[in-house]
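These notes are about the structure you will find just below.
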Amino acid sequence: MLTSLFLLSTRFDDLNRQLFERTKQITEQVATTSEYAIVFSDQNMMYRILQNALSNHDINSVQLFNSEQKIIAELGSAPTQNNMTFTEESHIIEYDDHLESMSAIYYANNSLDGIFNAQTDLFNPTNQRNLIGWVKIEANKSAIKIAKYQYASLIIFSLVLLNILTILGAYHFSSHLTQPINKLAMALNKLVKGQFSAAKLTKLPPEYAELQKDLLDLTERLEHHHEELIIGIEQSTEDIRRSMDSMEEKSAQLHIANREAMESNRLKSQFLANISHEVRTPLNAILGYTKTLQKDIVDPQQRLYVDTIEQSTNSLLAIIGDILDFSKIEAGKLNLENNHFNLKALVDDVYQILSVNLLTKEKQIDLVPEFCADIPEWFVGDSTRIRQILTNLIGNAIKFTHQGSVRTKVSIASQTSQEITLSFQIIDTGIGIPEHKIHRLFKPFSQVDTSTTRQFGGTGLGLVITKKLVEQMKGKIEVSSDPSIGSTFRFTITLKKSNKTSQYKQKLDRRVLLLEPSTTYKNYLTAYLDSIGVHYVACSDIEQIISTLNKQHDAIDAVLLSVTPDDQNTTEARELIAYCAQQYAIPSIMMVQPPGQIAHYPDLKSLCSDILLKPISQDRLYQALLHINKAPIELLSQKALPSANHEHLKNLKILAVDDSPVNLQLLNHWLTPAGVKVSTAYSGRQAVDMAIHEKFDLIFMDIQMPEMDGMETTQQLRQLKHYKNTPIIALTAHALGSEQQQILASGMNAYLTKPIDEELLFTTIETWRNNTKTFQDQVDDKLINIFDLDKALAVVDGKADIAKEMFDMLADSLDAEKKLIQHHLEKQDTEKLIEVVHRIHGASKYTGTINIARHAGFLETHLKELGLEDADGVAEDFIEAIEELLNHRQLIPWPQSVNPTR
């Protein structure tokens, strides 16, 4: 290639130089020969000279100019360039496609005068020649371009030909060299396959004689070793065959034991479901009618009896709930849900409920929630289980504390971009726990001692369930106690951050008088009042309040007054509230100390701006202070309307289906006064018959009924034209998560667990009465990020039977695969973990399980690139995706062509 480039460069330079020289030579020749023709103006001679120059094939045009730069003769094609520079020196200008050569024409005077002048002016020879014109010649470069192309083609052709010959020669030479190596490779391949005889027949050239000798030696050794190996394998196979017979017998025994264990577990779950139904169903009626009686009973003694029934029933429900939760934990079927919740509101609710149920006139303790300033209000987690944890721990603290306080401190232990780990401390000033008995707290059915059991009761499961729930939320729990000081329970839980933000609360420009006898609770209230911009004057007694009012009543906006449940304190509070309202028109906000209820102070309702139940919710206190300028009567009317007014439910037609007449009677008692038209059916068959002849707006459906259960009844109702999207709500005593999924899969929109609360019943009616989504829309919303039916069918060309069979194979294996993943994570076995995840990842791509496929891909990539470093969070998301699919498995709307028995 270098030679070719050198030849091309040399040849191109030669052609260019030759053209320059020819053009220059012809120009000088024309300039010389046309001297006399110009002097004597001989046109014929001029054209002969130009014709002679033009006869050269490189010349395009020739022009002669006189001394005045005007053309006097020209031949050839029209000049390409018209802009000319006339100089006395010859020059050649090169363009892309031609050369332009110009030369001056001089006339030499040969007369005697000229000779004389030349002799007399020997030192000025330029005076001997006169400029008489110019000659301009354009030479075409096309001829040398063609010559260049021809030469370049010849060189390239020679280069290609030489390379082809070289490649052929090299290929032939390399084939000759590699032929023995190929034979040797084939021989080794035969050795690998065990073809020893064929390997011995391999012949190599004489140059490889030593190598052939070694090959024969290797072949004989391998052949001998192979024979020994065959004998060993036969012996081992015989030994394994004998062991397999024994293993097959043990495997059969293990299979039978496993089936018995599974059947026992199924019977246990069924037993729990039946117990839940059988116990909760009568309790539903007891609680419902108890609350109904409470509305109308005036006699204090009878009210005490009814209240006792309600408390006992709630205690029984709590015991049943503990036993069921413990059974779920033991079976590994207690799954956590994720929802957005307000933590501060949740803690306030727990305190409100426990204070009403556990505080008495003799037990007056302060219940104080304390939150660090940097804690957000909204989180994502299982609010029901967090409420259960707090209820167990705070409830125990209240039960074992007779005086002092129970405080709940909440702070941030750590946080990432997605999660926050919260630290809770429940601190009480109760009787404490001896150090040598603390280890009994978290054992099932165990308490500190028998005397405590007799005094306080309980199943001994509350703290066990609490510990399991905390651990399931990636936290831990511990306790420290001193009988002379009290106990402190500490636990941490990890929650996800929520994108919800708390509504901004503006500072309140208020000035209030505060009467709170408890120092602990006063500090809690004053700290919150400072944070919301409320100025306060803390008073120690009623006399100080009156004295302050007489001096500063113009600057006081309200009186914040704590009332304990005794007659004297109530009377004093009534007089003070009336005095403030009548004398200075200053409203009062009353804080009621449990066990007092707002209903116990009917005469104070018309006098107070608001009545708050201790422990005071910060949001309720803020709203009460924000609206203190409104008239108390107007406030009361506004607060009473939402809970009692159900006018918009008039003429709503509801069908209630239950085999228990008591439950139907209770629903009638609640709904009929609100103007709801309630129809009742005592069996599923009767409900279907009524639905055929009448249109209902909403249906409440019991699950466990004779002949036709609630799920089968719902499926038949969904077959009717007018009931494809009618809201059907289950009223069930079933508490297991798997059964709840079966309820939803049967076509029901939601479920309420017995015993049913009246307020929750009306809230449910409100929710589903205004629902505009079809039942299929609701199912699609739940499955949108979990399962893609179209994708599952597309993989098998729309064959629904095959798609469901593939899905069932994956879903049936996921529970065992989940346990394998957790096992390999504990053992830190990366290779086996990748193997399991890869297996699930591959199967999920062909079954429409999009969420599992996505998280499996994340986990597999993480394990391959980073190993087990920070893999716990990714693995947990993957396990949650598996559990989410299994929980919603029965909601998948497979096409009707699928064989249901498959």
Return each pair, listed once, that meets salt bridge (Lys or Arg N to Asp or Glu O under 4.0 Å) where at least one residue sits in [range]; pairs must be two or more places apart or across chains.
range: residues 675-699; value: K653-E694
range: residues 492-503; value: K496-E880
range: residues 835-849; value: E817-R839

**OP:** Could you note down all residue pairs passing ring pair (Phe, Tyr, Trp, His ring centres under 6.0 Å) where residues 780-826 supplies at least one of them, sequence neighbours left out?
**Re:**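 As it turns out, the ring pair (Phe, Tyr, Trp, His ring centres under 6.0 Å) pairs with a partner in residues 780-826, which skip direct neighbours, are F787-F807, F787-W894, F807-W894.
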
Original post:
Please, which pairs that meet ring pair (Phe, Tyr, Trp, His ring centres under 6.0 Å) have at least one residue in residues 702-723, sequence neighbours excluded?
Top reply: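 The answer is none; no pair qualifies.
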
What do you reckon, is [atom1] of [X] surrounded by more than 12 foreign heavy atoms closer than 6.0 Å?
X: K344; atom1: NZ; result: yes
X: Y289; atom1: OH; result: yes
X: E831; atom1: CD; result: no
X: E707; atom1: CD; result: no
X: E759; atom1: CD; result: no

[atom2] on [Y] to [atom1] on [X], rounded to 0.5 Å:
X: L863; Y: E860; atom1: CG; atom2: CD; value: 8.0 Å
X: D659; Y: M705; atom1: CG; atom2: CE; value: 7.0 Å
X: I240; Y: M247; atom1: CD1; atom2: CE; value: 10.0 Å
X: S498; Y: N339; atom1: OG; atom2: CG; value: 10.0 Å
X: L820; Y: L814; atom1: CG; atom2: CG; value: 11.5 Å
X: I892; Y: L885; atom1: CD1; atom2: CG; value: 6.0 Å

Would a distance-only check, ignoring hydrogens and angles, find a side-chain to backbone donor-acceptor pair under 3.5 Å from [X] to [Y]?
X: T861; Y: F858; answer: no
X: D788; Y: I850; answer: no
X: T672; Y: H669; answer: no
X: D382; Y: E337; answer: yes
X: T849; Y: I852; answer: no

Subject >> Option passing side chain to side chain donor-acceptor pair (under 3.5 Å) with E876 (candidates Q822, K474, H855) >> reply: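 The single option meeting the side chain to side chain donor-acceptor pair (under 3.5 Å) with E876 is K474.
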
Minimum heavy-atom separation for [X] to [Y], with atom names?
X: L793; Y: P895; result: CD1-CG, 4.2 Å
X: A730; Y: M748; result: CB-SD, 3.3 Å
X: V688; Y: L717; result: CA-CD2, 4.1 Å
X: A875; Y: L825; result: CB-CD1, 3.5 Å
X: M690; Y: S679; result: CE-CB, 3.8 Å
X: T714; Y: G747; result: CG2-C, 3.7 Å

Subject >> Steps toward side-chain contact (heavy atoms from CB on, under 4.5 Å) verdict (F341, I386) >> reply: CA-CA 10 Å; F341 69 94; I386 296 173; 3.4 Å; yes

Check this for me: does any side-chain nitrogen of one of [X] and [Y] sit under 4.0 Å from a carboxylate oxygen of the other?
X: D877; Y: R854; answer: no
X: R889; Y: D812; answer: yes
X: K818; Y: E883; answer: yes

Taking the side chain as every heavy atom from C-beta outward, state whether [X] and [Y] have any pair of such atoms under 4.5 Å apart.
X: D870; Y: L866; answer: no
X: I840; Y: I821; answer: yes
X: L731; Y: M701; answer: no
X: D702; Y: S660; answer: no
X: F878; Y: V837; answer: yes
X: L343; Y: L422; answer: yes
X: F700; Y: I765; answer: yes
X: Y682; Y: L664; answer: yes

**OP:** Take L671 and L649 through the test side-chain contact (heavy atoms from CB on, under 4.5 Å) and record every step on the way to the result.
**Re:** CA-CA 9 Å; L671 297 177; L649 297 181; over 6 Å; no

Original post:
Step by step, would you call I654 with I699 a side-chain contact (heavy atoms from CB on, under 4.5 Å)?
Top reply: CA-CA 6 Å; I654 291 180; I699 298 175; over 6 Å; no

For residues [X] and [Y], is any side-chain donor paired with an opposing acceptor at under 3.5 Å?
X: N851; Y: E884; result: yes
X: Q715; Y: R718; result: no
X: T494; Y: T421; result: yes

Original post:
Is there a side-chain contact (heavy atoms from CB on, under 4.5 Å) between T726 and L698 once you walk through the steps?
Top reply: CA-CA 6 Å; T726 300; L698 188 143; 5.6 Å; no

Original post:
Residues two or more places apart in sequence or in another chain: which of them pass side chain to side chain donor-acceptor pair (under 3.5 Å) with K724?
Top reply: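 Side chain to side chain donor-acceptor pair (under 3.5 Å) check on K724 returns nothing, list empty.
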
